[in-house]
Each structure stands twice: as structure tokens, then as C-alpha cells.
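Just below is one structure, and these are the notes that go with it.
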Amino acid sequence: MGRLIEAMPTFSSIRDLTAEHHLWLGRANALVRQSGDLGDKIDLGVAIEMLTHHGSAGAEMIRLVLYRVLAIAELSAPASARGAFIPAGNSFDAFASLGKILRSATQDILIVDPYMDEAPLTEFGELVPVGVKLRLLSDEANHKATLKVAVARWASQHSTVRPLEARLAPPRTLHDRAIFIDAATAWVLTQSIKDFAKRSPAEIVRADDTASLKIAAYEELWNRASVIL
């Protein structure tokens, strides 16, 4: 449901619907029906009808219904999955959700982001528990120049209590934005940390089924990457 909300197209009127709009509405209708709440099903039907005469109002009502269904789904989800979908502009929710992941580490954190800048350190670095090693892996061609500056200054100030290592992988070898905790738990992010939930909704997904494969693959990339610090 979170991913559906994230991909919601712009609606002007029902007369201007494209195949993409129809496909999205079909998926929305199917998910709301699966929720089992009759009121939500009725409200979604009314909202879609509103698109005929009140395009923007109908679209906002659709959005309201989907967020309501999402909130109910989160209540019945496993604790690890709650709060995984973060609406656009909810910077504190993003901070809290990422902070919860980082604080769970006891030994090692590996953050992977091909477009990394200083944000993992300036915005989230002090959320890493004292003594836990933080490793940053970015793309040699696509990382931001501020990353190297932030890494050097962090090391000069925090190296004794907050160990840090940063490396750059060869161009286009990193395909995920991810956080790996203690080489045991994998979280995949739908956006770069520097942009997380700032302009569009974002999602944090725990990759239980593929965790061991992802961890092994990125440890191999880490070992082959060039060292910044």
C-alpha cells in the first residue's frame, strides 16, 4: 500500500485518464478490497466517481482512503515493519525510523548509497551507538564531493569513540540504497539518504528473504572498493 501511494499519478479529470491511471486505479481498488473494510471500499468508489466532476477533490479523497487503509495495515504488521512508509516532507519520521535501525547495531553498520553525500554523518552519524563501527560505501562516479570532506572531519573529531571507514566502489556496481546491521540484518531504502522522504514518499523495507545474499554481495563489493579513509 505504501508503494502504491508513492506511485500515485496526478489526476485532473476522469476524461483524461491514461492506461497508467487505469492500471493504478485497478491496483488501488484491489488492495482496498483486500483490506476487508466495507467503509473503505465504498469511500474509494465514491472518490473515483468524484473524479468525473471534481478531479482534484476526488484525487485527495482517494489519497485519504489509501492512507487510512495503510494506517490500519501497519497496526497489524510485525513490529519491524511498522512505520516503514514515510510520507513526503515528514523529515522527523524519516529521522526516527532510520535512527531506530541505526541504534539497533551492536558491532557494525554498513550504509550503501551510490549518491551519498555528507547526510549519513551530519544528520544520522550521532545516532550510531558509541563504539559501533560505521562503514560508508558509495559510487566512485556518483558520490557527492561533500562526502570526502565530511568523512575527514568526522574522523578528526570522533575517531576514538565513533570509528568510521568509507570506500568508493567502481561506477555502476551499486544497485541498492541499503543499511546492513551487524552483518545480519538488511534494510533497503527506496531513496538516497540525502533525499529521504523530503520531496516524495519513501519506504524502508526489511529484506529478510534476501538478507544473506545482499550482505554477502555488498561485503564483496566493499572488499574491492577503494578506500577514502
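Just so you know, these numbers use all the heavy atoms, side chains as well, and skip hydrogens, waters and symmetry mates.
Residue L174 holds its CG atom at 12.0 Å from NE2 of H143, rounded to the nearest 0.5 Å. The distance from atom CG of D37 to atom CD1 of I42, rounded to the nearest 0.5 Å, is 9.0 Å. Taking NE2 from H21 and CE from M8, the interatomic distance works out to 9.0 Å, rounded to the nearest 0.5 Å. For the atom pair R63 CZ and L66 CG, the distance stands at 8.5 Å (nearest 0.5 Å). Atom OG of S35 and atom CZ of R68 lie 9.5 Å apart (nearest 0.5 Å). Rounded to the nearest 0.5 angstrom, L44 CG and L31 CG are separated by 10.5 Å.
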Show every donor-acceptor pair shorter than 3.5 Å between a side-chain atom in residues 159-170 and any protein atom, with sequence neighbours excluded, or say none if there are none.
residue : atom : partner : partner atom : Å
S159    : OG   : A155    : O            : 3.0
R162    : NH1  : V128    : O            : 2.3
E165    : OE1  : K133    : NZ           : 2.9
E165    : OE2  : R167    : NE           : 3.0
E165    : OE2  : R167    : NH2          : 2.7
R167    : NH1  : W222    : O            : 2.9

Contacts under 3.5 angstrom, residues 111-126 side chains, donor-acceptor by atom type, not counting sequence neighbours:
residue : atom : partner : partner atom : Å
D113    : OD1  : Y115    : N            : 2.9
D113    : OD1  : S192    : OG           : 3.1
D113    : OD2  : I193    : N            : 3.1
D117    : OD1  : A119    : N            : 2.9
E118    : OE1  : T146    : OG1          : 2.6
T122    : OG1  : E118    : O            : 3.2

Show me the side-chain donor-acceptor pairs of residues 102-109 shorter than 3.5 Å, one per line, residues at least two apart or across chains.
residue : atom : partner : partner atom : Å
S104    : OG   : I101    : O            : 2.6
T106    : OG1  : D182    : OD2          : 3.1
D108    : OD1  : R135    : NE           : 2.9
D108    : OD2  : R135    : NH2          : 2.9

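Considering every non-hydrogen atom in both L4 and A28, the closest pair reads CD2-CA, 3.4 Å. When all heavy atoms of M1 and L70 are compared, the closest pair comes out as CG-CB, 3.8 Å.
Counting heavy atoms of neighbouring residues, nucleotides and ligands inside a 6.0 Å radius, atom NZ of K194 exceeds 12 of them. Within 6.0 Å of atom CG in N223, more than 12 heavy atoms from other residues, nucleotides or ligands are found, so the atom counts as buried in its surroundings.
Between I62 and W24 the shortest side-chain heavy-atom distance falls below 4.5 Å. A 4.5 Å side-chain heavy-atom check between L98 and L189 finds at least one atom pair inside the cut-off. Between L25 and L17, the closest side-chain pair of non-hydrogen atoms falls below 4.5 Å. Here the side chains of D40 and R33 are not in contact, with every heavy-atom distance at 4.5 Å or above.
Hydrophobic clustering, with ILVMFWY side chains joined whenever heavy atoms are under 4.5 angstrom apart, groups L147 together with I179. V65 and L51 fall within a single hydrophobic cluster, where Ile, Leu, Val, Met, Phe, Trp and Tyr side chains are chained together by heavy-atom contacts under 4.5 Å. V188 and I215 sit in two unconnected hydrophobic clusters of ILVMFWY residues. Membership requires side-chain heavy atoms under 4.5 Å apart, directly or through other members. Both V132 and V151 are assigned to one and the same hydrophobic cluster, defined by single-linkage of ILVMFWY side chains at heavy-atom distances under 4.5 Å. Following chains of ILVMFWY side-chain contacts shorter than 4.5 Å, one can reach L134 starting from I228, so the two form part of one hydrophobic cluster.
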Exercise. Could you go step by step and tell me if Y67 and I5 meet the side-chain contact (heavy atoms from CB on, under 4.5 Å) rule?
Worked result: CA-CA 8 Å; Y67 270 111; I5 294 172; 3.6 Å; yes
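Salt-bridge annotation for D139 and R172: absent, with no side-chain N of the basic residue lying under 4.0 Å from a carboxylate O of the acidic one.
Between the side chain of Y218 and the main chain of L137, no donor-acceptor pair closer than 3.5 Å is present.
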